[in-house]
Amino acid sequence: MAYDKNNIFAKILRGEIPCKKVYENDFVLAFHDINPQKKIHVLVIPKGEYVDLDDFNEKATDKEIVGFNKAILEIVTKLKISNKSNGYRVLSNIGSDGGQEVPHLHYHIFGGEKIGKMVN
Ligand code: 5GP
């Protein structure tokens, strides 16, 4: 699937739509989900144009892949939900069976309470 430059997260990255920012560096932007499913529900997106995790792993540079994943620790530490506290869950939906709605790679980070069953 070709990257759609008009997807909602591309607009957030360009500053055309506001977000409640949690963290930003050269590689990622993290912000609160507009419709939180848990007490803490944050989305982490790469700054590059990648449709999903497959697209990212296929096309991103090693620097981008490392930068994106290392940012998770920074973000959960800032949110005080790392495993030094009570822990959290990371999830990424990919494609139609995965239930992906927004076609720009994102990790969901859930925390702040018990997350419950792995899959409903
Ligand atoms: P997906 O189903 O693609 O994995 O998740 C997309 C997520 O993006 C959903 O949890 C949804 O609530 C969130 N979302 C959709 N539009 C917006 C928006 O405009 N702002 C923010 N902050 N989150 C959004």
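None of the values given here were measured: they were computed from a predicted structure.
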* To do: Flag the pair L79 / Y88 as yes when at least one side-chain heavy-atom distance between them is below 4.5 Å, and no otherwise.
  => no
* Asked: Would V28 end up clustered with L13 when hydrophobic side chains under 4.5 Å apart are linked, directly or stepwise?
  -> no
* Sequence-distant partners of H106, ring-ring contact (aromatic ring centres under 6.0 Å, His included), two or more places apart -> F9, H108
* Got more than 12 heavy atoms from elsewhere within 6.0 Å of CG, N6? -> yes
* Is I45 reachable from F56 through a run of hydrophobic residues whose side-chain heavy atoms are each under 4.5 Å from the next? -> no
* Structure fact -> Closest heavy-atom pair, G112 versus I81, reported as atoms and distance to 0.1 Å, is N-CG2, 3.9 Å
* To do: To the nearest 0.5 angstrom, please state how far the NZ atom of K20 sits from the CD1 atom of I12.
  => 12.5 Å
* To do: List the atom of G116, the atom of R89, and the distance in Å for their closest heavy-atom pair.
  => O-NH2, 2.9 Å
* State plainly whether the residues K47 and E64 are in salt-bridge range, i.e. N to O under 4.0 Å. => no
* To do: List the atom of A30, the atom of V42, and the distance in Å for their closest heavy-atom pair.
  => CB-CG1, 4.0 Å
* Asked: Is it true that a side-chain atom of K59 and a backbone atom of Y50 form a donor plus acceptor pair closer than 3.5 Å?
  -> no
* Value rounded to 0.5 Å, distance of CZ in F68 from CG in N57 -> 10.0 Å
* Structure fact -> Nearest heavy-atom approach of E49 to K5 is OE2-NZ, 2.8 Å
* Asked: Sub-3.5 Å donor-acceptor pair from the side chain of Q100 to the main-chain atoms of V51, do we have one?
  -> yes
* Do I17 and L29 belong to the same hydrophobic cluster, where Ile, Leu, Val, Met, Phe, Trp and Tyr are linked whenever their side-chain heavy atoms lie under 4.5 Å apart, directly or via other members? -> yes
* Asked: Hey, quick one: are I94 and V44 part of the same hydrophobic cluster, counting side-chain heavy atoms closer than 4.5 Å, chains of contacts allowed?
  -> yes
* Give, for atom CG of N35 and atom NE2 of H41, the distance between the pair rounded to the nearest 0.5 Å. => 8.5 Å
* Decide yes or no for V76 and I109: does some side-chain heavy atom of the first lie under 4.5 Å from some side-chain heavy atom of the second? => yes
* To do: State whether the number of non-hydrogen atoms from other residues, nucleotides or ligands found under 6.0 Å of N25 atom CG is greater than 12.
  => yes
* **Spacing of CE belonging to M1 relative to CG belonging to D55, to within rounding of 0.5 Å** => 10.0 Å
* Note, Y107 side chain near I72 side chain (heavy atom, < 4.5 Å) -> yes
* Asked: Would you say V22 and V90 are hydrophobically clustered, going by side-chain heavy atoms of ILVMFWY under 4.5 Å?
  -> yes
* Would you indicate whether the side-chain heavy atoms of F27 and K63 approach each other to under 4.5 Å? => yes
* Say whether, by atom type as modelled, one donor and one acceptor occur between the side chain of E101 and the main chain of G99 under 3.5 angstrom. => no
* Where is the tightest heavy-atom contact between G98 and N93, given as atom of each residue plus distance? -> O-OD1, 3.0 Å
* Interatomic spacing from CG in L91 to CD in Q37 - rounded to 0.5 Å -> 11.0 Å
